[in-house]
Amino acid sequence: MLRDIYVGLVDDSFIGKEIKVAGWIDSIRDHGGVLFIDLRDKEGKLQAVLEESENKELYDIAKHFKEESVIAIEGVVRRRPSGTENPKIKSGNVELLIQRIKLLNASETLPFPIDDNVEISEELRLKYRYLDLRRNIMQKAIKTRSKALKITRDFFDENGFYEIETPFLIKSTPEGARDFLVPSRLHPGKFYALPQSPQLFKQILMISGFDRYFQIARCFRDEDLRSDRQPEFTQIDFEMSFVEEEDVMEISEKLLYKLFLELLGIELKTPFKRMPYKEAMEKYGSDKPDTRFGLELVDLTDIFKNTNFNVFKAAIEQKGIIKAIKINTILSRKEIDNLTEYVKGLGAKGLAWGKIENGEFSSPIAKFLTDQEVKAMLSRLEAKNNEMIFFSADKPKNVYKILGNLRLQLGKMLKLIDHSKFEFLWVVDFPMFEYNEEEGRLEAMHHPFTSPKEEDIEMIINILDKNDKEYIINTCESITARAYDIVLNGVEIGGGSIRIHKPDVQKLVFKLLNISDEEADLKFGFLLEALKYGAPPHGGLAFGFDRLMAMMLGFESIRDVIAFPKTQKGTCLLTGAPDVVPEKQLKELHIKTV
RNA sequence: GGAGCAGUAGUUCAGCCGGCCCAGAACGCCGGCCUGUCACGUCGGAGGUCGCGGGUUCGAAUCCCGUCUGCUCCGCCA
């Protein structure tokens with residue numbers, strides 16, 4: 001070994017000992033006659049000292065060493081002179097008296113400082129990721145992530161789960177996200193897909209009788225990126241046999257409890273709150289509400305059902321709704337303008353607002369409203385003096401999107417969010433289906449293997465019998481799925497469901513999704529077949545591990561908890577992926593670029 | 001596919017309603033001084049295709065058009 005101990009672990013007990021250490025020069029200070037070198041490794045820092053009078057030759061060389069160079073030092077640990085202790089570091093009572101130094105690798109001047117307090121552009125951080133990762137905050141993030149994985153593995157092991165790997169090279173299936181494809185050399189014109197999740201395999205494993213499975217699974221989705229979405233990401237994926245919703249939620253809560261306790265010292269209160277999807281949408285305009293603050297949406301549709309105000313009238317005529325958010329401050333004209341721009345970006349035509357000042361309601365739309373309407377509305381909103389109201393009137397989907405996002409924006413703006421809180425919430429009773437207007441067909445809201453509630457199966461059969469588009473659109477929403485999402489501070493950190501375990505129900509659902517028997521056989525035949533041979537009732541959940549870690553560590557983006565993330569355009573600035581490949585490689589794969 | 005923000009010394013930023021800018025600060029870098037600092041101090045110095053291309057103008061970092069890159073968001077993400 002080139003060293004006896006990590007510098008960060010040297011403490012009072014080493015006083016008087018001669019040791020050999022190695023690490024990076026965190027900082028170097030030449031005082032003219034005495035030189036300080038703070039040596040750093042993954043465990044911390046240690047101050048090393050060299051006096052010119054002791055060794056002039058070495059002093060003159062060492063004073064030119066640059067930060068982030070890698071050196072090895074031999075010397076004796078001694079107590080620091082009284083009054084020069086540094087309480088900020090663990091080894092602050094002692095220092096290493098340098099006898100010999102070996103320069104193992106000199107560093108050139110860095111492209112940016114290795115310092116938690118300096119914000120460096122994302123571009124540079126990703127290009128020089130190895131330097132970025134040297135920063136204390138990133139070291140901590142990666143370390144915590146590793147600990148979290150260890151805790152997770154132990155937890156599932158202790159609870160009778162097997163960790164089972166599933167393939168990366170799989171069959172592409174319709175539905176869901178766009179697949180990443182891998183060309184097959186042995187089968188010209190054919191492709192593997194990378195898994196969007198181990199979904200089908202974990203179900204098959206239940207049918208195989210393993211009863212409880214988990215996996216720290218890498219998943220791939222070829223969709224546009226966001227601060228919380230990378231093309232490859234990690235799920236904590238698990239599945240259990242002979243369970244119902246509550247069982248899956250309970251084990252999920254236990255894992256989170258353990259992670260928060262052991263990593264953050266926080267004791268979570270379980271069970272977490274549950275909220276039906278419908279309530280989440282109606283009160284928060286979101287299926288992943290941030291419940292750390294109020295500003296709930298209030299429905300005003302009935303109050304304005306006979307209104308003469310054209311904007312509201314038109315919305316109601318098109319099966320729309322009118323909702324409002326009330327805040328207890330009056331914003332400036334400029335702030336309102338900014339919010340208007342914001343909601344326009346979400347597809348709103350404008351932002352109607354009103355305020356109560358000096359006991360009077362005033363609003364750009366006041367002249368279109370009757371006294372009765374205003375009175376009823378203010379009473380519904382319990383609006384008081386110096387409060388302000390924002391309206392949205394549109395199809396429900398748009399109103400939820402606009403007010404849901406406006407609510408988050410207002411929460412931030414008015415500083416209503418307590419950032420020390422961790423508010424968990426289960427969102428339950430999701431609809432099974434969503435109508436896709438563009439494609440004119442139903443889509444699975446969760447995925448097509450999610451079980452409908454037992455009592456709703458009848459409804460599916462009815463819908464199929466009627467075969468009437470209008471009826472399908474109107475009825476599909478009331479079919480409830482046995483699905484659940486877990487939300488933390490307004491971020492969806494996991495989701496799952498009880499799956500279909502009977503082939504006939506699975507066939508019904510495929511049929512409703514407009515997947516023909518033929519196509520179902522072609523794409524999911526193996527699953528339908530497997531369901532015929534004693535498939536146990538089963539269900540599970542997958543956590544978005546990157547999101548969970550980002551939340552726990554207080555990062556805005558999951559890039560900060562991934563060692564080597566990609567940019568918003570999906571490129572790796574460190575290595576330059578993706579890149580062109582030699583013609584020969586393409587030829588072997590039977591591929592031509594266009 | 002769309003919208004917004006950003007791009008100026010190595011880094012972080014200021015300048016940007018055209019001329020006071022052949023661009024400035026801090027940190028970093030280079031050199032000198034300094035025996036107890038730990039964001040050391042101090043004196044001096046070097047360092048810039050103002051992302052790129054085009055246009056308007058007597059004159060462009062500054063205005064216009066296009067383009068590239070990063071970020072945030074909408075669409076998309078079962």
Atom P, compared across rC34(B) and rG70(B): separation rounded to whole Å: 50 Å

Ring centroid separation Tyr284(A) to Tyr400(A) under 6.0 Å: no

Rounded P spacing from rC65(B) to rG4(B) in Å: 11 Å

Sugar-phosphate only, base, or nothing, as touched by Arg559(A) at under 4.0 Å among non-hydrogen atoms: sugar-phosphate

No-H, no-angle donor-acceptor pair, Arg229(A) side chain to rC77(B) base, under 3.5 Å: yes

Plane angle bin for Phe449(A) and His447(A) - parallel if under 30°, tilted between 30 and 60°, otherwise perpendicular: tilted

Pair partner, rC21(B) [Watson-Crick or wobble, under 3.5 Å]: none

rG1(B) and rG47(B), which share atom name P, separated by this distance in whole Å: 44 Å

Assigned partner base of rA14(B), Watson-Crick or wobble definition, under 3.5 Å: none

Ring centers of Phe233(A), Phe220(A) separated by less than 6.0 Å: no

B/S/- contact track for nucleotides 7-17 of chain B, protein heavy atom under 4.0 Å: ---SSS-----

Heavy-atom protein contacts under 4.0 Å, nucleotides 33-48 of chain B, coded B base, S sugar-phosphate only, - none: -BBBBBSB--------

Test side-chain contact (heavy atoms from CB on, under 4.5 Å) applied to Tyr342(A) and Leu351(A), step by step: CA-CA 9 Å; Tyr342(A) 175 72; Leu351(A) 181 60; over 6 Å; no

rC29(B) phosphate, OP1 or OP2, under 4.0 Å from Lys66(A) side-chain N/O: no

Sugar-phosphate, base or nothing in reach of Thr571(A), heavy atoms under 4.0 Å: sugar-phosphate

Nearest-Å distance for atom pair CD/C1', residues Gln568(A) and rU69(B): 11 Å

C1' spacing across the pair rC21(B) / rC16(B), given as an integer number of angstrom: 12 Å

Sugar-phosphate, base or nothing in reach of Thr450(A), heavy atoms under 4.0 Å: nothing

Trace of the side chain to side chain donor-acceptor pair (under 3.5 Å) decision for Asp237(A) with Tyr213(A): CA-CA 8 Å; Asp237(A) 188 49; Tyr213(A) 138 97; 2.8 Å; yes

Spacing between Glu123(A) atom CD and rC71(B) atom C1', to the nearest angstrom: 10 Å

Value in whole Å for how far the P atom of rG70(B) lies from CG of Leu225(A): 11 Å

Atom-pair distance (CD1 on Ile493(A); P on rC77(B)), nearest Å: 22 Å

Sugar-phosphate only, base, or nothing, as touched by Lys569(A) at under 4.0 Å among non-hydrogen atoms: sugar-phosphate

Arg407(A) NZ/CZ over Phe293(A) ring centroid, <6.0 Å and within 45° of normal: yes

Cation-pi check, Lys42(A) onto Tyr6(A) ring (under 6.0 Å, within 45° of axis): yes

Side chain to side chain donor-acceptor pair (under 3.5 Å) partner of Thr166(A), chosen from Lys202(A), Gln215(A), Gln199(A): Gln215(A)

Touch class at under 4.0 angstrom, heavy-atom based, for Arg226(A) against every strand present: base

Rounded interatomic separation in angstrom, taking CG from Asn117(A) and P from rG28(B): 14 Å

Separation of atom OH in Tyr342(A) from atom C1' in rU72(B), rounded to whole Å: 10 Å

Nearest-angstrom distance, P atom, rG15(B) to rA6(B): 11 Å

Same-atom distance (P) from rC64(B) to rC71(B), integer angstrom: 25 Å

Geometric class of the Tyr277(A)/Phe430(A) ring pair [parallel <30°, tilted 30-60°, perpendicular >60°]: tilted

Nearest-Å distance for atom pair NZ/P, residues Lys344(A) and rC74(B): 19 Å

Gap in Å between the two P atoms, one belonging to rG31(B) and one to rA39(B), rounded: 24 Å

Mate of rG44(B) where both pairing distances stay under 3.5 Å, Watson-Crick or G-U: rC30(B)

Presence of donor-acceptor pair under 3.5 Å, side chain of Arg125(A) and base of rG70(B): no

NZ/Lys349(A): more than 12 non-hydrogen atoms of other groups inside 6.0 Å: no

